[in-house]
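The model shown is predicted, which means the values in this text are computed figures rather than measured ones. Chain naming here is simple, since letters A, B, ... match the order of the sequence lines and numbering starts at 1 in each.
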Amino acid sequence: MEVLILLIPISLILVLAAMWFFVWSVRDGQYVDLDTEATRILTPEDDDHPDQGTPS
Amino acid sequence: MAYDTASGYPDQSLQGGGAMNAMVSPHLSTRSFSVPDIHCAGCVRTLEQVLGRSDDIESYDVSLADRQVDIVSAADVSDIVRLFRDAGFRAMYRSDDDQTDAAMLTRLGVAGIGMMQIMMFASAEYLAGGGGIDPALEALMRWASLALASVIVVFAAQPFYQGAYRDLRRRQVGMDVPIALAILGAYGISLLATLTNGHAVYFDSVCMFTFLLLLGRYLERMASKRVRSAGGLADRLLPSHVTLADGQERAINAVSVGDLVKVPGNTRIPVDGYVLEGMSSVHEAVFTGESWPVIKQEAHPVYAGTFNIEDTLTVRTSKPATEFLINQLSRMIRSASQHKPAFAILADRIARFFVGGVLTIAVLSGAYWFLAGNSDWFVIVLTVLVVSCPCALSLATPIAYTWAITTLQRQGLAVSQGKFLEDLNRVTDVVIDKTGTLTTAKPTIASIQLLDRGTGKDPLAIAAALETDIKHPFANAFRRYLPDGDMTVDQLSYINGRGIRARVNGHPYVLGSPEYVSEETGTEMLERPDADGSWILLASEKPLAWFQLLDDLRDDAVSLIHRLSCHRTITMLSGDSPREASRVAQTLGVQSFRSQQTPEEKLAYIRDLQSTGGVVLVIGDGVNDAGAMAVADCAIAINPADIVVQASADATATGGDFKSVIFAIDYVSRVRRIIRQNIGWAVGYNLCMMPLAILGLIEPWTAALGMSLSSLIVVLNSGRLAMHAFPDAAIGPK
């Protein structure tokens with residue numbers, strides 16, 4: 001059981017790393033638009049709607 | 001009358017635009033602010049007080065569901081934001097919204113990840129039981145939990161402290177007060193227990209409570225975002241910049257009245273205004289659902305968001321960007337989701353008293369247990385606070401409405417008045433317009449009776465030439481018979497709903513109802529032929545030909561009548577002749593109908609029904625129904641031919657059929673049922689758990705889990721409103 005003395009701090013570090021990566025992914029805008037990517041496969045060409053402006 | 005459906009001929013659209021414009025005086029503008037700090041009815045009240053006191057603000061609308069405030073004011077954006085800030089609210093001028101989303105998600109994620117690890121530590125302690133674990137290890141795990149919990153309490157739970165601070169500063173008690181007290185209290189005693197090696201820590205409860213509350217708020221925000229994005233038509237359809245005719249670039253919001261904009265073919269028209277130069281077909285499906293493009297030429301109104309198909313138009317802007325029709329519609333859709341039904345207001349009021357009551361009960365039970373010598377008295381106080389949080393109660397209605405409005409919109413019914421969801425349930429009398437509503441208003445020419453050879457030209461070709469530019473359902477019937485070339489029409493005059501007079505190849509012609517023709521040509525009025533349908537007369541010096549036009553029923557008109565007829569009386573009103581009206585009524589199985597109705601008579605009939613206690617639903621399409629729709633308790637516009645009609649209806653069926661209406665009739669009763677379930681659950685849960693918490697029978701972590709699950713149940717139960725609606729969800733929306 002002594003190994004826990006080592007494992008518990010390691011788990012803390014891993015969790016803090018997970019939090020950091022999550023915050024980074026949010027800041028990176030990875031959750032901004034989850035719908036477009038899902039439907040992209042359905043549109044054969046990107047210039048399907050020439051009238052739409054570029055996403056801002 | 002032959003030309004009974006007055007449709008959106010330019011003159012009327014001009015009037016309509018003017019009428020809408022008149023609602024707001026020129027110096028004031030309506031702006032939307034996202035206020036993420038609105039959490040409960042208390043916040044709304046606070047804000048309303050602050051905004052009401054300010055002299056700069058003409059009127060305002062605070063929405064709990066959207067966390068949004070619409071303000072009509074002449075003041076600068078920065079001044080309004082400062083006003084909010086002084087009241088303790090962050091306000092963002094719409095576009096900063098995404099940042100708030102990101103911040104909420106960050107807090108949620110951090111709380112979630114931290115909570116999971118703390119649960120790991122806590123479960124070891126639960127499983128091992130008292131003394132079953134090496135004291136050194138136990139202390140280590142407590143310190144590790146403390147570290148993670150500190151991150152969550154300090155960082156993730158911030159919104160609750162801000163909310164509570166704001167409430168307290170205003171000397172009010174909102175829902176955030178007990179939440180913040182519970183979080184800080186439980187964290188405090190756990191911290192103390194860790195430092196002094198006390199007997200229990202509640203880090204797991206604190207973190208779970210925080211996480212689940214954040215999750216509830218995040219889900220709620222995402223749901224209302226769907227409504228916002230539906231309302232944000234303008235953002236999707238309009239470009240951010242326009243190029244003026246003189247080559248200048250201008251931000252869309254900076255376009256002012258009188259600016260000239262060149263709109264090339266195959267692009268969207270970016271402004272509301274009138275055509276100054278050019279002629280082109282414009283697709284107005286965004287507004288009217290009309291799938292056929294409309295010809296626009298000089299002096300015709302065009303609307304931002306509609307699609308210019310062929311040639312370049314020079315448009316003179318007639319309104320500031322905030323008053324563009326598309327923006328007005330967006331606001332209409334959004335304000336629909338802000339409506340609070342009577343029981344939602346009741347729920348808010350209960351929640352308000354509730355919080356005050358809860359604090360008192362928590363203090364009293366704490367005092368009792370303290371005096372009774374129970375060492376856990378503080379834990380009991382916390383548990384009471386946590387258990388009784390009325391979050392679920394105040395979520396019960398807004399979230400169900402949010403889902404309902406989104407779902408109906410996807411089904412092809414754009415609800416612009418939230419009240420509609422309530423009223424449709426109570427409808428006792430249904431009044432349906434015939435032409436254009438029950439029938440397609442896309443008549444076809446069934447037969448021609450020749451009266452005179454005239455100039456020897458084909459009468460159908462002449463009629464088609466006359467009707468070329470007329471925007472009336474009857475005109476469409478003729479248009480396909482237009483001959484190739486060799487027809488010049490000039491000196492055209494059109495009397496809406498009656499007829500046309502013009503010269504074709506230099507020869508004068510009149511086309512319209514027999515009354516109109518006899519007035520215009522000074523000849524004796526002819527009797528209509530004795531047969532079904534509408535009859536239109538073509539004449540030059542003398543009558544030339546009769547055209548028989550028959551109007552087809554909409555595909556699902558029969559099933560609509562069938563659906564509506566249970567427990568409701570149906571009346572069909574028509575401007576048409578009794579014969580035509582009775583033909584349609586018989587086909588559909590409608591018992592009662594009234595023919596040759598003027599718009600005023602329609603209105604009077606509805607007032608009549610209402611005076612005998614009826615709740616009236618009007619289903620109509622044309623400008624001649626707009627008055628009736630405005631008076632009715634609720635109104636649905638079917639594929640309105642004109643934009644003005646849409647404004648007077650509570651809901652608009654955009655698909656051009658009754659499927660969405662039939663759907664809505666059953667759906668609104670489901671909405672009501674779900675809201676009742678939500679409120680029943682929320683109240684019931686609080687009433688059941690409260691005594692247990694006061695008696696000290698519940699652990700803080702059970703309370704945290706139960707309270708948050710209660711909110712989640714309300715959120716998920718409301719989500720059923722979306723699930724049931726999409727049997728074909730796999731095919732995808734739209």
Side-chain angles (χ1 to χ4, degrees), chain A, chain B residues 95 98-99 101-118 120-121 124 133-134 136-148 151-152 155-156 218 222 226 229 235-241 252 264-270 283 307-309 731-734:
Chain A
M1 291 298 265
E2 284 73 23
V3 73
L4 280 176
I5 306 278
L6 189 65
L7 287 180
I8 289 173
I10 290 177
S11 75
L12 262 190
I13 292 166
L14 286 178
V15 167
L16 290 175
M19 282 178 181
W20 186 85
F21 276 117
F22 180 76
V23 172
W24 168 79
S25 69
V26 173
R27 292 238 167 102
D28 199 41
Q30 294 186 20
Y31 300 92
V32 170
D33 182 5
L34 301 175
D35 297 331
T36 307
E37 297 305 315
T39 55
R40 183 158 297 197
I41 195 167
L42 299 174
T43 50
E45 283 153 56
D46 275 345
D47 57 359
D48 221 18
H49 304 284
D51 55 287
Q52 286 178 355
T54 48
S56 54
Chain B
S95 58
D98 292 341
Q99 284 182 8
D101 277 356
M104 281 184 84
L105 187 61
T106 308
R107 295 209 161 90
L108 178 66
V110 166
I113 295 168
M115 178 202 71
M116 285 189 277
Q117 188 56 37
I118 291 176
M120 299 274 225
F121 296 141
I133 200 164
D134 183 349
L137 272 180
E138 192 181 343
L140 182 61
M141 285 198 283
R142 281 184 178 186
W143 281 100
S145 300
L146 171 66
L148 286 175
V151 174
I152 295 175
F155 169 70
Y218 186 74
M222 287 299 111
R226 284 165 184 269
S229 63
D235 300 341
R236 278 211 310 279
L237 293 178
L238 298 187
S240 59
H241 286 77
I252 188 94
N266 203 25
T267 53
R268 274 193 202 282
I269 296 173
H283 216 281
F307 196 76
N308 179 18
I309 299 173
I731 302 167
K734 289 174 200 166

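Atom-to-atom distance recorded for B/F121:CZ and A/L12:CG is 5.0 Å, nearest 0.5 angstrom. Distance CD1/B/I113 to CH2/A/W20: 12.5 Å, rounded to 0.5 Å. The line from CD1 of A/I8 to CE of B/M120 is 11.5 Å long, rounded to the nearest 0.5 Å.
For A/L4 against B/L140, the heavy-atom pair with the smallest separation is O-CD2, 4.2 Å. In terms of heavy atoms, A/V26 sits closest to B/A102 at CG1-O, 3.5 Å. Summarising the geometry of A/S11 relative to B/Q117, their closest heavy-atom pair is OG-NE2, 3.5 Å, with the distance given to 0.1 Å.
Screening B/V151, B/I118, B/L148 for a side chain to side chain contact (heavy atoms under 4.5 Å, CB included) involving A/V15 leaves a single residue, B/L148.
Of the atoms belonging to A/L14, not a single heavy atom falls under 4.5 Å from chain B.
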